[in-house]
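Hydrogens, waters and symmetry mates play no part in the numbers below; they use all other heavy atoms, side chains included. Below, read A as the first sequence line, B as the second, and so on, with proteins coming before strands; counting in each chain starts at 1.
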Amino acid sequence: MRNHIMTLGAAGILAVAAAAPTLAQEVNIYTTREPGLIQPILDAFNAETGIKVNTVFLESGLIERVKAEGESSPADLLMTVDFGALIDLVNAGVTQPVQSEVLNAAVPASLRDADGQWFALSGRARVVYASKELDLDSITYEQLDDEEFRGKLCIRSGQHPYNTAMFAAYLAKHGEEETKTWLQGIKANQARAAAGGDRDGARDIAAGLCDIAVANSYYYGLMASGAGGDEQKAWSDAVKVILPTFEDGGTLVNVSGAAVAAHAPNRDEAVQLLEYLVSDEAQRLYAEANFEYPVSATAEVHPLIAAFGTLQPDGQSLTEVLPFRARASELVDEVNFDTFGN
Amino acid sequence: MTISLWAVVAFAAAALALLPIIAIAATAVADTGDLWGHIVQFVLPQASWNTLVLLAGTGLIATFVGTGAAWIVSAYDFRGRAFLEWALLLPLAVPTYIMAYAYLDILNPLGPVQGVLRWVLGYSSPRQFRLPDIRAMWGAILVFGFVLYPYVYLTARAMFLTQAANVTEVACVLGVPRSGIFWRVALPLARPAIAVGVSLALMEVLNDVGASQFLGVRTLTATVYTTWVVRTDLAGASQIALSMLAIVLAVLMLERWARRNQRYAAAAQNARQMQRQRLRGHSAVLAFALGLAPIAIGFAGPALYLVVAAIRRIEFAGFSSSLLRATLNTVSVSAIATLAILSVGFAVAYVARIHAARWSATAMRLASIGYAVPGTVLAIGILVPVAAVDRTLGSAWHAWTGLPGGLLLLGSGAALVYAYSARFMAISVGGIEAGLSRIPPAYDHASRTLGHPAIGTLLRVHLPLSRSSLTAAGLLVFVDCMKELPATLLLRPLNFESLATLLYGEAARGTYEDAALAALIIVAIGILPVILLAKTSRTFR
């Protein structure tokens with residue numbers, strides 16, 4: 001019993017200490033993107049402005065958490081790793097509009113909401129890693145189900161947002177029947193269970209398990225730069241990156257982005273951080289530390305990424321594709337994409 | 001007066017444990033359009049089938065390995081037996097997601113095992129020769145089976161030790177050959193104990209998110225995630241979660257069915273130990289090797305891998321300060337939660353002792369119900385009511401002081417303590433109850449007759465005599481809190497990483513190598529209760 005009382009006491013003190021609002025300038029980020037990826041950029045922001053940045057990585061449940069916290073929510077900036085998730089935030093009503101000359105100047109109109117509910121911060125392409133032993137220089141998304149890759153393709157879970165975004169774009173272009181056949185073909189091409197992450201694709205190509213893998217562009221940079229160690233460098237050495245296109249279009253591009261929370265207690269700091277994130281300096285960091293495509297036209301792509309060739313984004317906009325996402329996810333279930341074999 | 005306070009605590013504990021389940025049920029009744037039709041047609045059949053195959057396979061391996069190992073160390077004596085007896089518990093220290101992530105690397109075609117194999121067989125490239133890929137149902141079954149068999153080993157061994165002596169001797173006298181005793185006497189007698197162990201292991205399988213995700217097995221738990229996150233449909237996810245509870249209930253019924261015969265065991269508790277058969281030469285080596293294999297697969301392999309990976313990582317990138325912070329966070333929150341769980345658990349078990357009535361037993365069972373709810377599901381169920389309390393407190397604070405109201409429970413980590421308490425109360429209640437049941441009621445009567453009030457009896461008799469069960473329960477709870485992932489991910493405050501979430505974050509961005517050190521610390525701390533468990537289970541046999 002004594003323990004119990006002491007525990008309650010200790011918890012109470014902790015609670016008061018943690019919950020008391022502080023006077024120092026700060027900004028709180030709820031993010032579905034692993035904060036390690038953007039930490040260098042946040043550190044630079046802190047060094048420049050003195051504003052403290054607090055983060056919590058909520059891989060899932062960001063919306064539920066912000067909604068449940070309601071007006072008491074400490075969240076200022078909501079960041080997502082995927083466009084669909086960004087729009088989900090807006091649809092859930094947990095964001096607020098921001099009007100800023102700086103943001104409007106830096107971010108092209110197609111990569112932000114007209115009302116300022118959301119802003120894209122960086123981009124990446126859904127590309128194909130191909131074995132260097134393979135004589136393959138170009139490929140279309142439509143060819144991913146070709147029989148020449150039977151049992152030779154590696155891909156992560158079909159339900160991962162990176163893949164459902166790709167499938168939704170296909171669905172928007174080709175309709176349900178064709179998409180289903182295509183997904184069945186890709187499933188038949190799987191060399192192993194659709195699991196793990198995008199880097200596993202490169203590793204499995206190096207291991208001879210598959211010939212091609214579907215992955216995001218920046219993972220190649222993270223591996224090839226040696227930032228992940230020699231082992232990963234060896235994986236990237238086994239592959240070359242092809243920018244696939246749709247037969248009648250360009251390459252699939254998805255974005256990471258941010259929105260200011262509806263009840264942001266530090267709204268000004270949140271906008272200041274947003275403006276910093278699209279500044280030349282931060283956009284350079286996105287490209288250099290993270291190997292992403294900058295959204296700002298004035299920032300440069302990293303040489304490792306530029307070596308893939310010129311990126312021709314597909315004409316279909318992200319907003320057009322979005323309504324197809326739920327159906328694409330259902331099709332993944334219908335073809336039993338994530339169960340290997342049968 | 002004191003007594004009614006105890007009862008209040010017990011009922012409050014039961015209510016707090018029920019609250020998240022009620023919240024999930026309330027979420028599930030929301031309209032989900034035609035999603036349910038899709039789920040019934042395309043999601044549930046496949047995911048349920050996968051889950052059942054995984055449960056059956058894991059159960060089979062855990063039973064086979066756990067029972068076999070328990071029999072070897074109980075029925076035979078050989079050099080190294082004493083070591084095996086406690087070392088067989090070591091896989092308990094390895095969380096399933098760490099086991100999966102280690103074996104993905106160890107058994108990868110570019111990894112050490114296949115490298116050596118190729119070298120031995122004279123192949124130069126994995127393109128010429130490689131083993132089947134572990135990312136499959138069989139891989140998941142092996143991984144789960146070899147990391148979860150200790151649950152069966154623990155219960156089966158206790159049964160062999162307490163029951164086998166008298167009956168095996170009778171069987172010997174009646175002419176049953178030594179080899180027949182296991183199949184015809186010991187195994188049938190140990191069946192209830194084995195079922196209890198298996199049901200514990202299966203609960204762990206149902207709770208897992210990480211390992212099945214890494215290994216590409218689409219279980220029901222995984223589909224709860226997908227439905228919630230990809231389709232942003234919390235109501236649909238809650239519906240699947242509720243269907244999952246049906247499977248959990250089935251597993252629990254298996255356990256209760258098995259316990260029917262437990263009184264049997266209690267009667268034989270003071271039985272002599274079985275005379276061990278002395279093995280020499282080849283058979284002694286064989287017995288040792290058989291006992292060593294599960295330890296090598298379930299513990300030594302992954303632990304060694306983590307040590308090597310952690311050293312390589314420190315050489316490459318140094319020791320990160322975030323790891324130290326995460327360790328401190330993990331230890332302090334787990335310690336606070338453990339204290340809370342032990343105190344409440346003691347109160348609940350104590351009420352059931354001093355008021356042996358239907359209501360107290362019900363309160364005890366309800367307070368333990370969270371163990372049956374997978375962490376992912378529990379987390380959603382806790383978020384909703386806890387945030388509601390926070391909102392109310394926040395606006396009250398704002399109205400009173402004019403200052404902005406913060407989040408008292410979510411912002412302080414108190415929500416985490418609540419989640420851990422709801423989830424792990426069963427371990428504390430069960431362990432303490434078992435400890436209390438070993439104190440004869442005559443002691444209570446003697447103490448009261450000698451003039452001690454109820455509280456004095458508690459402080460001078462029950463608490464001191466419960467010390468070892470409190471310690472054991474405390475350590476188990478502490479380690480479980482430390483390993484807990486899904487609820488921690490959803491409910492932690494800003495800037496708060498635990499070792500498990502740090503590890504998960506690294507894995508989420510595909511930098512497994514950075515996670516090795518965090519995983520190693522989790523495993524290292526997890527060994528402590530295993531050692532204690534080994535010691536106490538020896539004293540109490």
Can you tell me which of [options] forms the most heavy-atom pairs within a distance under 4.5 Å of chain B?
options                     : answer
A/D82, A/I29, A/V56         : A/V56
A/T55, A/V81, A/D230, A/T32 : A/T55
A/A68, A/A206, A/G84        : A/A68

Part of [X] within contact of chain A (heavy atom distance under 4.5 Å):
X      : value
B/D390 : backbone
B/P385 : neither
B/I380 : neither
B/L342 : neither

TODO: Assert yes or no for the condition that the ring centre distance of A/F337 to A/F167 is strictly below 6.0 Å.
DONE: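 Ring centroids of A/F337 and A/F167 are less than 6.0 Å from each other.
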Open item on the list: Taking the ring centre of each residue, are B/Y123 and B/F129 less than 6.0 Å apart?
Closed with: yes
- [ ] State which residues pass side-chain contact (heavy atoms from CB on, under 4.5 Å) with B/Q41; sequence neighbours excluded, sorted by chain then number.
- [x] none
Task: Interchain contact, A/T31 with chain B, by part (heavy-atom threshold 4.5 Å) - done: neither
- [ ] Flag the one option from B/R312, B/Q128, B/E497, B/R135 with the top tally of heavy-atom pairs under 4.5 Å to chain A.
- [x] B/R135
Open item on the list: My understanding is that only residues two or more places apart in sequence, or in another chain, count here; which of them pass salt bridge (Lys or Arg N to Asp or Glu O under 4.0 Å) with A/D338?
Closed with: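 By the salt bridge (Lys or Arg N to Asp or Glu O under 4.0 Å) rule, A/D338 matches no residue at all.
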Task: Neighbour count >12 (heavy atoms, 6.0 Å) for atom CH2, B/W138 - done: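 Buried by this count: over 12 neighbours within 6.0 Å.
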Open item on the list: One pair to check against side chain to side chain contact (heavy atoms under 4.5 Å, CB included): A/N216 and A/Y162. What are the steps and the verdict?
Closed with: CA-CA 8 Å; A/N216 278 353; A/Y162 296 166; 3.2 Å; yes
TODO: Please determine if A/D204 and A/K152 form a salt bridge, counting it only when a charged side-chain N lies under 4.0 Å from a carboxylate O.
DONE: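 Judged by the 4.0 Å cut-off on N to carboxylate O distance, A/D204 and A/K152 do not form a salt bridge.
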